[in-house]
Amino acid sequence: MKETSQPRQIVVWGGGYYLDNNRKPEDLKRFNKNKKQKEIIIGSIIAIVMIIGGISLYRSFAMYEERKTFDVLKGTVPDFSSGDITLAYTIDGQKVSGKGFPNKNSGYAVKDVNCENEVTADWDNRNWSLENIRNPQNAPKIKCNIDFAEIYTEKELNGADPVLSEELVPVEIGDNGTVKKADIADSWYSYADKQWANAVILVEGKTAEDYKDNAEIPEKDIESYFVWIPKYSYKLFDEQLGKYENASGTLDSEKQNRAIEIKFGLDNTKDNGKIDGEPTCKTPMLSNEVQGASGSDGNCSYQDYMTHPAFLAFGGNGLWVGKFETGYKGATSTSTAQKNENNSKQVVIKPNEYSWRSIVVANMYQTSFGYKRELESHMMKNTEWGAVAYLAQSVYGRCTIAEDSTTTCEKVKINNNSSMITGYVAKDEPTTGYGNYKDYEAPLPLQDGTKTYNYTNQESVHASTTGNYSGIYDMSGSAWEYVMGVINKSGNSAVEYSQSGLNSSILNDPKYYDVYNYGADYTHWERRILGDATGENGPFVTTSEQNVLIKSSWFYAQSVFPLGSSHVWFIRGGQYLHGYLSGIFSFSDGSGSVHDGASFRIVLAIKTE
């Protein structure tokens, strides 16, 4: 037979395929299916070969068997003899008529691949193709059925379900932190039951296809953990909308037991609109529409629903938030995790890792930005921290509403490991603040102390935003976390970078940072952005514990607003030694310079394809 070097193009047609030498790989040709036909099989190639110029096939099925791949998405395989392969498909085990072969974004996942004559094959979700075809009997013809199932979605989320990618592997986390690959056709998350969606990025050399659904993924194979924060709107809960200018001297102690009311969904709220019959307002934004407006109410009023600003900059279904503070890969001590460098290859986001510290904000920002560009990785913004805090302070997080309508909200417990190792939790809730709190200690990774428990101990869930292993850790204590929230220079003409190492050439896209009005005093909380978990935390009072500090009505968290021309950056969460002043609602000011007690967190803003 005459050889030809040009591969054939495979075009999916119902349950089968045919050759078309002139089609582009991504162009799948469709034609009507015979209604009486229950399963489409490959047709005769002879007539088509005549139509396209009498091109001869020169390779045998043995050549195809050697390659062991059949690419449905791109539609290319080595040349092969007519009738060698037949593909069919079912959905939930049932034959389907009137539908084309499901594509990668059709809302279906492959559950199983079954072939005749002892042939076996795997499904490659990345390339949407058959792979690893094994033909022990050297059968001259192969027939495989691909069974699809509808991808699970949760009604409660109203379309704001997790968005996955080739690198993000969906997982479920067991009661001792054990990770297993999730079956995305089953209910692998349930926000109504406080079970948030988790995904991992694997170490180099490992892919999702290396693990079957429900199989355990060893910790050594994981590089980073992320948790999904679905897009939501929340009911404005503070009567003053966070416009506090001075410490009042009176705390609203009932506030910490107030569950923030949240409605998930993809639609943005608008002025004079309605959600389930309740009033809405348009989120106050700057003219660029990607940054929340500092100090502005827009047309919002108390108890309006408003789309949280954290979800407006990137326009997706939600955000994947680093489950832990960012660690320095390979660090074996607090000192070896102190590296002032821009190095995305050293990122690790896992439990029992030393937090990456002593790094200027510029290097935090660029390391985060370069980590997974294809997934829109970036350093966490102040409003994104607020989005996590508000979800935690809801019935989807740490709040419970009893049958008698009594609401109880548990505080996210402090990580009191003084070596700043991720995922730890204090044995006892602090009763004193900075300068007086001494119940911290420094056991090695994976070891419990007398005052602190490590992540694999089930007690660690009290440091989670959900009270179980599905939540986000290290948002109270461990290291301070710098976030991308900064104030302007006096006159609000430009950003004040202070000692961060940043400049307008690096920080050249406003969607990656929150900017606040200038202020010369740390008590002017009216500069808040609605949703950032700062001003709305009031009323505030002054307390004196070694230093004069401010604490809020939300679990007495430290509440110092950035000011002036030096301490212009937001830091969040408090440190291991701050006692009850640490917390998910805690915030203070920093210069952006190297600090051995400050770390950072990474967020992914992946969109649907």
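Computation of the quantities below employed the complete heavy-atom set of this structure, encompassing side-chain atoms and omitting hydrogens, waters and symmetry-equivalent molecules. Bear in mind that the values here come from a model prediction, so they are computed numbers and not experimental data.
In this structure, the side chain of Lys282 does not engage the main chain of Asp271 through any donor-acceptor pair within 3.5 Å. In this structure, Thr280 contributes its side chain and Ile275 its backbone to no donor-acceptor pair below 3.5 Å. Side chain of Ser294 to main chain of Arg527: a donor-acceptor pair is present (N/O by atom type, distance under 3.5 Å, no hydrogens or angles). The backbone N or O of Pro102 lies less than 3.5 Å from a partner atom in the side chain of Trp128, making a donor-acceptor pair. A distance-only check finds no donor-acceptor pair linking the side chain of Arg357 to the backbone of Phe600 [under 3.5 Å]. With hydrogens and angles disregarded, a donor-acceptor distance shorter than 3.5 Å links the side chain of Ser559 to the backbone of Ala557.
Contact check on Asp183 versus Lys111 returns a salt bridge, with a Lys/Arg side-chain nitrogen under 4.0 Å from an Asp/Glu carboxylate oxygen. Salt bridge present: Glu166 and Lys104 bring a charged side-chain N and a carboxylate O closer than 4.0 Å. Salt bridge status for Lys381 with Asp532: absent, with no side-chain N to carboxylate O gap under 4.0 Å. By the 4.0 Å N-to-carboxylate-O rule, Arg601 lies close enough to Glu481 to be salt-bridged with it.
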Show, in sequence, the C-alpha distance, side-chain angles and deciding distance for Asp297 and Lys243, and conclude whether the salt bridge (Lys or Arg N to Asp or Glu O under 4.0 Å) test is met.
CA-CA 9 Å; Asp297 303 339; Lys243 287 196 165 182; 3.4 Å; yes
Is there a side chain to side chain contact (heavy atoms under 4.5 Å, CB included) between Leu312 and Thr307 once you walk through the steps?
CA-CA 8 Å; Leu312 299 180; Thr307 299; 3.8 Å; yes
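Note on ring orientation: taking the six-membered ring where Trp is involved, the planes of Tyr232 and Phe264 are perpendicular (angle over 60°, cut-offs 30° and 60°). The aromatic rings of Trp196 and Tyr191 lie parallel to each other, with less than 30° between the two planes, well short of the 60° mark.
Within the 6.0 Å centre-distance limit, the rings of Phe101 and Phe148 are counted as a close aromatic pair.
Each of Lys206, Lys350, Lys329 was scored for a side-chain hydrogen bond (donor to acceptor under 3.5 Å, both in side chains) with Glu223, with one residue passing: Lys329.
For Tyr556, the OH atom sits in a loose shell: 12 or fewer heavy atoms of surrounding residues, nucleotides or ligands are nearer than 6.0 Å. Environment of CG in Asn299: sparse, with no more than 12 heavy atoms of neighbouring residues, nucleotides or ligands closer than 6.0 Å.
Legend: residues meeting salt bridge (Lys or Arg N to Asp or Glu O under 4.0 Å) with Glu278, ordered by chain and number and at least two apart, are Lys235.
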